[in-house]
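What you see below is based on every heavy atom in this structure, not just the backbone, and it leaves out hydrogens, waters and symmetry mates.
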Amino acid sequence: MGDTNGQVVAGNNGQGNRLDQLNEPTNVLIDKETDSLIICDWGNRRVVRWSRRSGTTQGEILIDNIRCRGLAMDDQTYLYISDPNKHEVRRYQIGDKNGTLVAGGNGKGASLNQFNEPRYIFVDQQQTVYVSDNNNDRVMKWNKGAKEGIIVAGGQGEGNTLAQLYYPFGLFVDTVGTIYVADQGNHRVMRWPKGAKQGTVIVGGNGKGEEANQFNYLRGLSFDQHGNLYVVDRSNHRVQRFSIE
């Protein structure tokens, strides 16, 4: 806190596919067990791991031939990756190149066993997978071992009512099953209590703009341990922090 300049921890050697380069990275998480970063290297169709130890100059490829967009890790250090090109989410043990299908994988569509470009994912302690099903304007919940998902937010077509989403992206689910979703096309963050038919707007929802209460196409979101909400405000080129009741 308080730094005005960031520190490069991966890449910074120009766009490319060498092991010391990245190409349009879209997501990252910290693997505490190995003290490393796991990165969706979107443009190179691969997932790479970079050690956080000082002196690291290149990463290693964990999985290749994947259009990685969403990235999550469960308590057993399994990786979960969404591939919007294949309309599926797979679970990987570190070192496993093929993974196990856990959601979707039945082609593009709007049925309960399908996705239309899944983006962000969140995995809870029961290995339940939540997925922002971007082009279907909904959030899906897939219980462990399920053959189809459950719509838990949106799913009423694109729109801006409290029962609708419009191109949802970032996701967070708290311990009681409340869903927080970056409702990108509506420039707002919504909270959906477990089982609710509609959500509430907690920040944004004031049209597209650059004021402190507005967004311009938001992406990822996360919470810190103090309950502060952080939102990637993409086209405003900034990250915003909000104190949420």
Side-chain angles (χ1 to χ4, degrees), residues 8-11 17 19 21-52 56 58-105 115-135 139-142 144 149 167-174 179-182 184 218-224 229-232 234 239:
V8 178
V9 290
N17 63 3
L19 290 179
Q21 292 177 308
L22 298 169
N23 183 356
E24 295 187 31
T26 56
N27 216 322
V28 62
L29 59 78
I30 295 174
D31 179 4
K32 291 176 183 159
E33 208 165 81
T34 60
D35 193 25
S36 59
L37 301 170
I38 296 176
I39 303 165
C40 280
D41 192 8
W42 163 266
N44 285 323
R45 300 180 67 95
R46 66 190 185 187
V47 177
V48 294
R49 178 167 62 188
W50 283 64
S51 171
R52 296 174 74 206
T56 300
Q58 66 180 41
E60 59 175 318
I61 299 171
L62 292 180
I63 305 157
D64 51 18
N65 194 28
I66 185 169
R67 275 290 195 186
C68 171
R69 180 65 74 155
L71 188 62
M73 183 178 271
D74 69 16
D75 294 346
Q76 276 99 54
T77 67
Y78 282 99
L79 270 182
Y80 294 75
I81 298 171
S82 68
D83 186 332
N85 287 40
K86 294 179 180 173
H87 311 285
E88 67 182 25
V89 177
R90 285 185 172 270
R91 182 178 66 223
Y92 296 82
Q93 208 162 8
I94 299 289
D96 168 20
K97 299 281 189 189
N98 298 314
T100 304
L101 185 71
V102 293
F115 293 119
N116 189 347
E117 296 202 13
R119 299 288 173 142
Y120 284 71
I121 49 183
F122 185 92
V123 182
D124 70 13
Q125 290 178 320
Q126 286 74 46
Q127 295 184 327
T128 305
V129 182
Y130 295 81
V131 185
S132 57
D133 188 8
N134 189 259
N135 287 0
V139 176
M140 301 286 288
K141 170 185 174 182
W142 288 65
K144 186 177 180 181
Y167 293 150
F169 267 76
L171 268 185
F172 182 87
V173 184
D174 69 16
I179 297 161
Y180 297 81
V181 56
Q184 186 208 205
L218 56 169
R219 282 289 198 262
L221 55 80
S222 64
F223 283 89
D224 66 18
L229 170 67
Y230 297 80
V231 185
V232 177
R234 189 197 76 169
V239 177

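Residue I63 forms a side-chain contact (heavy atoms from CB on, under 4.5 Å) with just one option from V48, V47, I38, and that option is V47.
Side chains of Q76 and Q127: a donor-acceptor N/O pair is present below 3.5 angstrom, by distance only. Side-chain contact, D224 with Y230: a donor N or O sits under 3.5 Å from an acceptor N or O. A donor and an acceptor atom, one from each side chain of E117 and N134, are nowhere located under 3.5 Å apart.
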- Message: If you apply the rule side-chain contact (heavy atoms from CB on, under 4.5 Å), what do you find for N23 with D41, and how did you get there?
- Response: CA-CA 6 Å; N23 183 356; D41 192 8; 4.1 Å; yes
- Task: Dump the intermediate steps for side-chain contact (heavy atoms from CB on, under 4.5 Å) on Y130 and D124, then the final yes or no.
- Result: CA-CA 8 Å; Y130 295 81; D124 70 13; 3.9 Å; yes
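Residues F115 and W142 place their aromatic rings such that the two centres sit under 6.0 Å apart. Note: F223 and Y180 meet the aromatic proximity criterion, with ring centroids under 6.0 Å apart.
Not counting sequence neighbours, the partners of F122 by the ring-ring contact (aromatic ring centres under 6.0 Å, His included) test are F172. Take N17 and apply the side chain to side chain donor-acceptor pair (under 3.5 Å) test, not counting sequence neighbours, and it matches no residue. In this structure D35 satisfies the side chain to side chain donor-acceptor pair (under 3.5 Å) test together with R52, sequence neighbours excluded.
Electrostatic pairing of R67 and D83 does not count as a salt bridge here, judged by no charged N lying under 4.0 Å from a carboxylate O.
Annotation for Q125: atom CD does not count as buried by contact number, only 12 or fewer foreign heavy atoms lying within 6.0 Å.
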